[in-house]
Amino acid sequence: MPVIDLRSDTVTQPTPAMRQAMQAAPLGDDVYGEDPSVNQLQEYLAAELGFASALFVPTGTMSNLLGLMAHCERGDEYIVGQQAHTYKYEGGGAAVLGSIQPQPIDGEADGSLDLAKVAAAIKQDDFHFARTRLLALENTMQGKVLPLSYLQAARAFTRERGLGLHLDGARLYNAAVKLAVPAREITQHFDSVSVCLSKGLGAPIGSVLCGSAELIDKARRLRKMVGGGMRQAGGLAAAGLYALKHQVERLAEDHANAERLAAGLTELGYSVEPVQTNMVYVQIGDQAQALKAFAAARGIVLSAAPRLRMVTHLDVSSAEIDQVVAAFAEFRQN
Ligand SMILES: *Cc1c(COP(=O)(O)O)cnc(C)c1O
């Protein structure tokens, strides 16, 4: 039975054409800076997003960590959303490894951080306090796209307050495709951006940190320190480059499938949150475990959560979305 896995967009398999690109990639030792495929990926993405430099790393967690550590010294602080990935889902790495104090604040319904709340969280220059250095945003934030006008305001605000601005852009391209703008329209507002190649873009592994030459030089040193200096990594970089060249536009299909799923479940009477990109959140309540087991018996892999997240991606077709809706309908009748 073919499996429909909606837990995350990280579960995709490399396509045959991507595997071919990986196979054909010229290789070298990237710790010496000599892997042509890694260099090509880094140069491509830096140019596309409007940065001087870029660094290929194994994971988004490492990319964010290096970004935060490149901005902040020991005893500095970054302001971040309570639900942000860097704060909540990365093992506290910035604090553990970077001695960077997070200052979390509640996020807004649209995924943004209220700049008045950010302003109130900035510490005065006083030796009692950590030094507030950086604001970190996330886009998309649980599937929500931050408005361009907000990004512009966040840029102006951080400039005025002397803060750096980092973007966890794990799903940057979902945001760009949704807004129908070049990704650069989003990234131009930031000092550093982390992009995941292994989410909706469909590469098996890898993230890229983009920033100034100085920031990326610092991040490269830190990458070595945390064990992220890879050698003949070009096969992986080639997968990422292939994804960036061939699998960005198709994210619109994932967004359409997410809307299709949301519409189907709404029709069945489920409470579904508005969908913007490739994530569907639906209230399942205390049925979460039962639903997971029911779906699994029908080849559908779900998480078990009262507020269930389902994520569309390149290995889920619209016909399979209809199968999922049918399974929910059957479950609801039982
Ligand atoms: C997945 C994800 C990351 C981290 O990526 P990994 O490659 O899993 O370490 C960072 N931020 C967001 C928003 C993510 O969804």
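Model, not experiment: these values are computed from the prediction. Side chains are part of it too, since the values below use all heavy atoms of this structure and drop only hydrogens, waters and symmetry mates. In each ligand, atom 1 is the first atom listed, and ligand 1 is the first ligand listed.
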Taking every non-hydrogen atom, the tightest pair across Q124 and F129 | O-CD1, 3.4 Å
The protein heavy atom nearest to atom 14 (C) of ligand 1 is K199 NZ, 2.7 Å
Looking only at protein heavy atoms, what sits closest to atom 10 (C) of ligand 1 is H85 ND1, 3.2 Å
May I ask you to identify the nearest protein heavy atom to atom 11 (N) of ligand 1, giving residue, atom name and distance to one decimal place in Å?
-> D168 OD2, 2.6 Å
Under 3.5 Å donor-acceptor, S63 side chain and T59 backbone = no
What atoms of ligand 1 come closer than 4.0 angstrom to any heavy atom of G60?
-> 4 (C), 5 (O), 6 (P), 7 (O), 9 (O)
Check whether any side-chain heavy atom of R7 lies under 4.5 Å from a side-chain heavy atom of L302, and answer yes or no.
-> no
In ligand 1, which numbered atoms sit nearer than 4.0 Å to a non-hydrogen atom of T59?
-> 7 (O), 9 (O)
In this structure, are over 12 heavy atoms from other groups packed under 6.0 Å from R231 atom CZ?
-> yes
E90 heavy atoms, cut-off 4.0 Å: which ligand 1 atoms fall inside?
-> 10 (C), 11 (N)
Which atoms form the tightest heavy-atom contact between Q247 and M18, and what is the distance?
-> NE2-CE, 3.5 Å
Please state which part of T86 comes within less than 4.0 Å of ligand 1, counting heavy atoms only: side chain, backbone, both or neither.
-> neither
Ligand 1 versus C196: contacting region, heavy-atom distance under 4.0 Å | side chain
Under the 3.5 angstrom rule, does the side chain of N39 hit a backbone N or O of G33 as a donor-acceptor pair?
-> yes
Hey, which atoms in ligand 1 end up nearer than 4.0 Å to a heavy atom of R171?
-> 15 (O)
Just by distance, with hydrogens left out, do K88 and Q83 show a side-chain donor and acceptor under 3.5 Å apart?
-> yes
Please state which protein non-hydrogen atom is closest to atom 9 (O) of ligand 1 and give its distance, to 0.1 Å?
-> T61 OG1, 2.6 Å
Atom 13 (C) of ligand 1: which protein heavy atom is closest, and how many Å away?
-> E138 OE2, 3.2 Å
Before signing off on this row, confirm whether A170 and ligand 1 have an N or O atom pair separated by under 3.5 Å.
-> no
So is R133 actually on top of Y78's ring, under 6.0 Å and inside 45° of the axis?
-> no
